[in-house]
Structure formats: C-alpha cells, structure tokens
There are 4 protein chains.
Amino acid sequence: MQFNEHKSIYLQIADYMYDQILSGQWPDGQRIPSIRDLAVQMEVNPNTVTRTYTMLQDEGTLQNKRGIGYFTADEARKMVLGKRRADFINYELPAIFNTMRQLGVTPEDLHELFRKQSKE
Amino acid sequence: MQFNEHKSIYLQIADYMYDQILSGQWPDGQRIPSIRDLAVQMEVNPNTVTRTYTMLQDEGTLQNKRGIGYFTADEARKMVLGKRRADFINYELPAIFNTMRQLGVTPEDLHELFRKQSKE
Amino acid sequence: MQFNEHKSIYLQIADYMYDQILSGQWPDGQRIPSIRDLAVQMEVNPNTVTRTYTMLQDEGTLQNKRGIGYFTADEARKMVLGKRRADFINYELPAIFNTMRQLGVTPEDLHELFRKQSKE
Amino acid sequence: MQFNEHKSIYLQIADYMYDQILSGQWPDGQRIPSIRDLAVQMEVNPNTVTRTYTMLQDEGTLQNKRGIGYFTADEARKMVLGKRRADFINYELPAIFNTMRQLGVTPEDLHELFRKQSKE
DNA sequence: GTGGTCTAGACCACC
DNA sequence: GTGGTCTAGACCACA
C-alpha cells in the first residue's frame with residue numbers, strides 16, 4: 001500500500017478499514033484479517049496495525065475475541081457511516097467551503113468536476 | 001492568533017499568509033512584516049516564523065532583500081492562486097468525492113449545505 | 001569534524017554527505033546515520049543535522065521513513081553527480097574562467113598546478 | 001546590477017571594483033565614482049558602498065582625499081593582481097581541484113570547456 | 001528507538 | 001534595524 005507523507009500511517013490504515021466496511025467487503029460481525037496478516041500485506045510494522053485496531057476497538061467499530069481474532073461490530077457499517085458523515089459535515093466541509101471561496105470555485109464548478117470525474 | 005491542534009504552527013502561519021496574499025492585503029512585490037514583528041503579533045517564537053518565511057521563499061512566494069526584509073514575489077497572488085487551485089482540484093477534490101460517494105452525499109446535498117453555510 | 005569559518009555548518013554537513021554518497025560509502029537506498037548519531041559524531045546540535053537532512057530530503061537526495069530513519073534515495077548517487085556536475089559547469093566554471101582571464105592564468109598553468117597538487 | 005544570493009553585497013561590489021581596476025577602466029591614481037554615485041548606480045544603500053570603500057582603503061587598494069573623493073592607489077593594478085592571484089592559487093584552486101576529482105572532471109575536460117567558452 | 005516541532009536565548013553579518 | 005545560524009532543552013507522535 002502506498003502511504004501519504006503527511007498523515008500518520010495508522011490513520012491511513014484506519015481509512016482503509018473504513019473503506020472495507022462501508023463498501024461491504026467486511027460485512028458486520030465478520031472476522032477480519034489478523035494484525036500480523038494485515039501488517040504483512042501493508043508492509044508495515046505490526047505495532048502500527050495494532051494501534052489502528054485498538055483505536056477502532058475503542059470507538060466500537062471492532063470487537064476482539066481473545067485467542068480468535070478481530071471482528072467487525074454487529075452494526076459496524078451503520079456506526080461508521082454515521083460517524084464519518086458527522087465528521088465530514090461538521091469538520092471537513094466548512095474548511096472545504098472556505099477554500100472554495102478563496103479560490104473562486106463555485107458549487108456549480110464542483111458539480112461539473114464531480115460529473116467529469118464520475119465518468120472516468 | 002488561535003492555532004489548531006493538529007496542524008503545525010508554521011504551516012498555519014503559511015495558511016494565514018496565503019490568505020493575506022489572496023485577499024489582496026499583501027499586494028505583489030510589497031514588503032511584509034518582519035519576522036520579529038509577525039512573531040510578536042502571532043505570539044510565537046521568531047524561529048517559527050522564520051521557518052514559514054523560508055519555506056515560502058523556497059517555493060517562490062516570497063523574496064528576501066538582505067538586511068531589509070521579506071517581500072511578496074512579483075507575481076505572488078497569481079502563483080499562490082494557481083498552486084492552491086491545482087492542489088485543490090488534483091489532490092483534495094478526488095478524496096472529497098470519494099468520501100461523498102461512500103457516505104452517499106450527493107452534489108445536490110453539497111449545494112444545499114453550501115447555501116446554508118453562506119447565510120450564517 | 002572540523003568546520004570552515006565562512007560557510008554555515010549545515011551546508012558543510014551537506015557537503016560531507018554528498019561526499020559519502022559520491023564515494024559510495026552510502027550506497028543508494030541504504031539507511032544512513034540517525035540525526036542524533038550524526039550530531040554526536042559531528043559534535044553538533046541535532047537541530048543542525050535536522051536542517052541538513054530536511055534540505056536534502058526536499059531536493060530528493062534523501063528519503064524518510066517515519067519512525068525508522070533516513071535513507072539515501074534510490075538513485076541518490078546518480079542524482080548528486082548530475083546535479084553537482086551541472087552546477088559546477090554552469091555556475092562555477094564561468095566564474096573561474098573569468099577570474100583566470102583577469103589574472104592571466106592559462107589552462108596550461110592550471111594543468112601544471114593540478115599535477116603538482118596531485119603529487120602531494 | 002544583479003547580485004548573487006549567497007554572497008554579501010559589499011563583497012560583490014568589491015569584486016566589481018577589482019574588475020574595473022584589472023581591466024584598466026579605473027587606471028592607477030585616478031578618481032573613482034563617489035560613494036553616493038556608485039550607490040545610485042548599483043541601486044544599493046550608500047552604507048553598503050561605504051563598507052566596500054573602507055575595506056579597499058584598509059587593504060591599500062584605494063586612497064581617500066578628504067573632501068575630494070576616493071582614488072585608486074598608485075600601484076593599484078599591480079597590488080590587486082598579486083593579491084587575487086595568491087588568493088586564487090592558495091584558496092580557490094585546491095577546492096576546485098577537489099570538486100573536479102569528485103565529479104570526474106579531468107584537466108583535459110577543463111581545457112576543452114575553456115576553449116569552448118572562449119569562442120562564445 | 002526514530003524524527004518533527006517549538007521555545008528561549010544567543011551571536012553574527014549585513015544594510 | 002534586518003535576517004541567518006546555532007545551541008540547549010523540551011515535548012510530542014510515531015514505529
């Protein structure tokens with residue numbers, strides 16, 4: 001996996017996991033890859049994956065069954081969706097709108113760009 | 001100035017400076033506050049401001065006349081606008097659109113939110 | 001390490017690093033000493049080494065893996081060689097030739113001096 | 001006049017003056033431009049020119065007649081030639097040769113480049 | 001352990 | 001006055 005320079009790796013792994021859950025590749029209540037396996041796949045230190053799993057467990061997105069492995073929570077998809085939506089609307093969007101105003105990008109421009117990108 | 005927790009101060013100062021240039025408060029080719037002055041105004045260590053100024057000089061946004069001070073580049077506004085616009089469209093927007101699709105936020109929703117926010 | 005009076009330390013450290021790369025002591029893609037280690041070895045403050053490393057990273061000579069350390073770039077030697085050669089030929093040589101003409105030093109004189117110096 | 005970034009202005013002015021003397025444009029014992037005039041011509045603070053004149057006076061290249069102006073010394077050309085030659089051979093050349101060895105530039109290459117440049 | 005950032009304070013060259 | 005550099009020391013996030 002390719003990592004961004006300016007965001008910590010464990011957060012980028014979290015993003016990846018949110019993706020998996022939202023896209024349905026990791027259905028609710030299912031077992032997910034072990035820390036070791038994901039670390040190998042991502043070419044990353046297992047400690048780093050551990051940190052991500054622990055964080056997601058703390059916020060309730062993951063469950064840990066001792067000696068067996070990690071599982072998505074029973075309502076994982078719904079939780080992630082709600083949490084990310086709130087984050088997006090409350091924190092990211094205001095910053096985005098601010099940037100748009102500074103750069104003179106209108107919502108219409110955005111609409112246009114969105115359509116263009118969707119075609120690709 | 002109030003600083004955000006999760007972004008380094010010197011980068012937030014850079015954002016402030018981009019604002020000043022884009023909004024026309026610091027016209028092209030004009031002298032800008034000395035490192036010491038801005039440090040006092042921002043309630044920050046001069047070294048921190050130095051770091052910002054040096055970075056903006058390296059990227060061509062600022063010019064430096066020895067013993068006199070820092071100046072905005074001759075085409076500072078145009079450069080900043082172009083650079084930030086390209087960054088926004090090429091790097092930030094794809095990520096935003098991706099998030100929107102995952103969360104089921106449509107461009108229409110966005111438009112609505114934009115209008116709502118503009119009224120505040 | 002002994003430092004020259006008239007050139008800043010962090011630039012002299014950069015010169016040292018170019019040497020290491022050009023001479024093959026630091027092969028491409030290899031880990032180099034940590035900031036703290038080099039600082040101890042050079043009897044210099046770690047911040048000073050940080051400045052050098054950051055500069056070389058910005059210009060692409062070094063790469064950084066978070067929490068692990070700094071590495072020479074994959075084509076570090078080639079890059080450094082090309083860059084320094086171009087600088088030498090385009091910027092330093094014209095000035096040198098200019099001085100030689102003013103002082104009446106001919107290329108033959110130079111050749112002679114070179115041979116003499118090589119023997120020492 | 002265009003100034004180099006990494007060398008102080010007063011030293012670059014000194015270089016300019018050495019040029020004038022060596023090339024014979026400022027013959028021995030002749031009056032040279034006043035500080036004020038040279039400062040205007042160079043678009044520089046008069047203090048900066050003062051510093052250069054003082055330095056050259058201290059080393060004997062210039063003479064100052066109070067209320068009249070600055071003059072080149074009686075043997076200015078000869079002095080400058082000797083001093084710069086010694087500097088060149090003792091300080092600059094060793095560094096140049098060192099760089100050449102690192103970059104694999106041979107004296108023959110140099111000879112070739114010199115001839116090429118002389119034709120332009 | 002690694003690097004990244006920030007502060008406080010100092011000294012210097014330069015304009 | 002200006003910026004440039006360096007030190008000492010601290011705290012933090014990260015692997």
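The figures that follow rest on heavy atoms only: side chains count, while hydrogens, waters and symmetry mates do not.
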Quick one: does any side-chain atom of [X] pair with a main-chain N or O of [Y] as donor and acceptor, under 3.5 Å?
X	Y	answer
Arg77(A)	Leu22(A)	yes
Thr72(B)	Gly29(B)	yes
Thr61(C)	Ala76(C)	no
Arg84(A)	Leu103(B)	no

| message | Is it the case that the base of dG3(E) and the side chain of Arg36(C) share a donor-acceptor contact (distance under 3.5 Å, atom types as modelled)? | response | yes
Classify the side chain of Asn47(C) and the base of dG9(F) as holding, or not holding, a donor-acceptor pair under 3.5 Å. yes
What does [X] touch in the nucleic acid at a heavy-atom separation under 4.0 angstrom: a base, only the sugar-phosphate, or nothing?
X	answer
Asn64(C)	sugar-phosphate
Asn45(C)	base
Val44(A)	nothing

Per nearest nucleotide of DNA chain F, the residue lying toward the 5' end, Ile32(B) or Ile68(C), is Ile32(B)
[N] [atom2] sits how many Å from [X] [atom1], rounded?
X	N	atom1	atom2	answer
Arg66(C)	dT5(E)	CZ	C1'	14 Å
Asn4(C)	dT5(F)	CG	C1'	15 Å
His6(C)	dC12(E)	NE2	C1'	13 Å
Ile9(D)	dG3(F)	CD1	P	14 Å
Glu43(B)	dT7(E)	CD	C1'	14 Å
Met42(B)	dC6(E)	CE	P	13 Å
Lys7(A)	dC14(F)	NZ	C1'	15 Å
Phe71(B)	dT2(F)	CZ	P	12 Å

Distance below 4.0 Å between [X] side-chain N/O and [N] OP1 or OP2:
X	N	result
Thr48(B)	dC6(E)	no
Ser8(D)	dA13(E)	no
Tyr70(C)	dG4(E)	yes
Tyr10(D)	dC14(E)	yes

Using Watson-Crick geometry (N1-N3 plus N6-O4 or O6-N4) or G-U wobble (N1-O2, O6-N3), each under 3.5 Å, dC14(E) is paired with dG1(F)
Using the side-chain heavy atoms of [X], tell me which of these nucleotides is nearest: [options].
X	options	value
Asp37(C)	dC6(F), dT2(E), dA15(F)	dT2(E)
Arg31(C)	dT2(E), dT5(E), dC14(E)	dT2(E)
Ile35(C)	dA15(F), dT7(F), dG3(E)	dG3(E)
Arg51(D)	dA15(F), dT5(F), dC14(E)	dC14(E)
Ser34(C)	dC15(E), dG3(E), dT5(E)	dG3(E)

Between Leu56(B) and Ala14(B) the two heavy atoms that sit nearest each other are CD2-CB, 4.3 Å
Exactly one candidate in Gln57(B), Lys65(B), Gln63(B) meets side chain to side chain contact (heavy atoms under 4.5 Å, CB included) with Tyr70(B); the answer is Gln57(B)
